[in-house]
Amino acid sequence: DTEVTQTPKHLVMGMTNKKSLKCEQHMGHRAMYWYKQKAKKPPELMFVYSYEKLSINESVPSRFSPECPNSSLLNLHLHALQPEDSALYLCASSQQGLYNSPLHFGNGTRLTVT
Amino acid sequence: DQQVKQNSPSLSVQEGRISILNCDYTNSMFDYFLWYKKYPAEGPTFLISISSIKDKNEDGRFTVFLNKSAKHLSLHIVPSQPGDSAVYFCAAPYNNNDMRFGAGTRLTVKP
């Protein structure tokens with residue numbers, strides 16, 4: 001069982017829809033991440049929250065909007081997505097930073113944009 | 001710029017034999033390396049790591065070797081088991097918040 005929980009597992013949405021992906025961890029980790037993974041590609045960093053503050057935004061389009069309500073929760077709000085945004089969206093957490101502290105991933109949300 | 005490279009997209013080995021997965025990196029500032037394993041429909045899970053002050057780290061059947069002069073690391077699995085069949089990612093922190101991953105190697109262990 002993963003200690004990082006993501007919901008929903010699968011999501012199909014139209015290009016005009018608004019939806020949200022949710023992530024929760026109860027390991028006391030202070031950094032949380034959103035990664036995007038396309039088929040046969042490595043995970044790519046989208047956003048990092050450190051101590052509930054957005055510290056990295058890897059030039060992600062504004063149709064993706066992250067939110068960190070508290071240290072255990074991370075949301076990704078989706079609006080007006082494109083079909084090329086279809087991918088596996090992975091949430092991860094780490095104790096503080098990445099040096100000597102591995103990422104713990106959830107099982108991801110498989111997103112399909114129609 | 002892909003700073004962590006896994007040039008073999010797939011590897012097939014017989015059960016009980018050794019699996020060797022390779023990874024090269026270009027950024028000489030990397031000083032901590034990790035291997036992750038990913039099963040279908042699951043997120044990557046941390047497997048083993050190595051600091052640049054070491055050249056070997058062992059955990060049960062899994063051993064990671066680091067050759068800093070060659071900017072190369074490898075993961076050895078001995079003996080390989082069918083349950084080890086998965087995609088393996090090599091990774092390194094680019095900074096305190098950004099983990100860089102290789103493209104992955106799909107390992108198939110045949111019974």
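Within every chain, numbering begins at 1; the chains are lettered A, B, ... in the order of the sequence lines, protein sequences first and strands thereafter. Reckoned from all heavy atoms, side chains included, excluding hydrogens, waters and symmetry mates.
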Are more than 12 heavy atoms from other residues, nucleotides or ligands located less than 6.0 Å from atom [atom1] of [X]?
| X | atom1 | answer |
| --- | --- | --- |
| B:Arg106 | CZ | no |
| B:Arg17 | CZ | no |
| B:Phe62 | CZ | yes |
| A:Met15 | CE | no |

Check your understanding: Would you say B:Tyr36's side chain and A:Leu103's backbone share a donor-acceptor pair under 3.5 angstrom?
Key -> yes
Point to revise | B:Pro44 side chain near A:Leu90 side chain, heavy-atom distance below 4.5 Å | key: yes
**Study point:** Non-hydrogen side-chain atoms of B:Tyr32 and A:Ser101 separated by less than 4.5 Å
**Key:**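 B:Tyr32 vs A:Ser101: side chains apart.
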Exercise for review: List the atom of A:Pro42, the atom of B:Phe89, and the distance in Å for their closest heavy-atom pair.
Suggested key: CA-CE2, 4.0 Å
Revision key, fill the gap. Residue from A:Lys40, A:Gln6, A:Gln37 scoring the most non-hydrogen pairs under 4.5 Å with chain B is A:Gln37
Review point. Transitively linked via ILVMFWY side-chain contacts under 4.5 Å: A:Leu78 with A:Leu88?
Key: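 No, A:Leu78 and A:Leu88 fall in different hydrophobic clusters.
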Exercise for review: State yes or no: do B:Val109 and B:Ile77 share one hydrophobic cluster built from I, L, V, M, F, W and Y residues joined by side-chain heavy-atom distances below 4.5 Å, directly or via other members?
Suggested key: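 Same cluster: B:Val109 reaches B:Ile77 through Ile, Leu, Val, Met, Phe, Trp or Tyr contacts under 4.5 Å.
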Point to revise | OH-CE distance between A:Tyr35 and B:Met99, expressed to the nearest 0.5 angstrom | key: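 Result: 6.0 Å between the selected atoms.
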Practice item. With rounding to the nearest 0.5 Å, note down the distance linking CG in A:Leu45 to CZ in B:Phe101. Key: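 A:Leu45 atom CG to B:Phe101 atom CZ measures 9.0 Å (nearest 0.5 Å).
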Study note, to complete from the structure: If one checks every heavy atom of B:Ala92 against chain A at 4.5 Å, the contacting part turns out to be neither
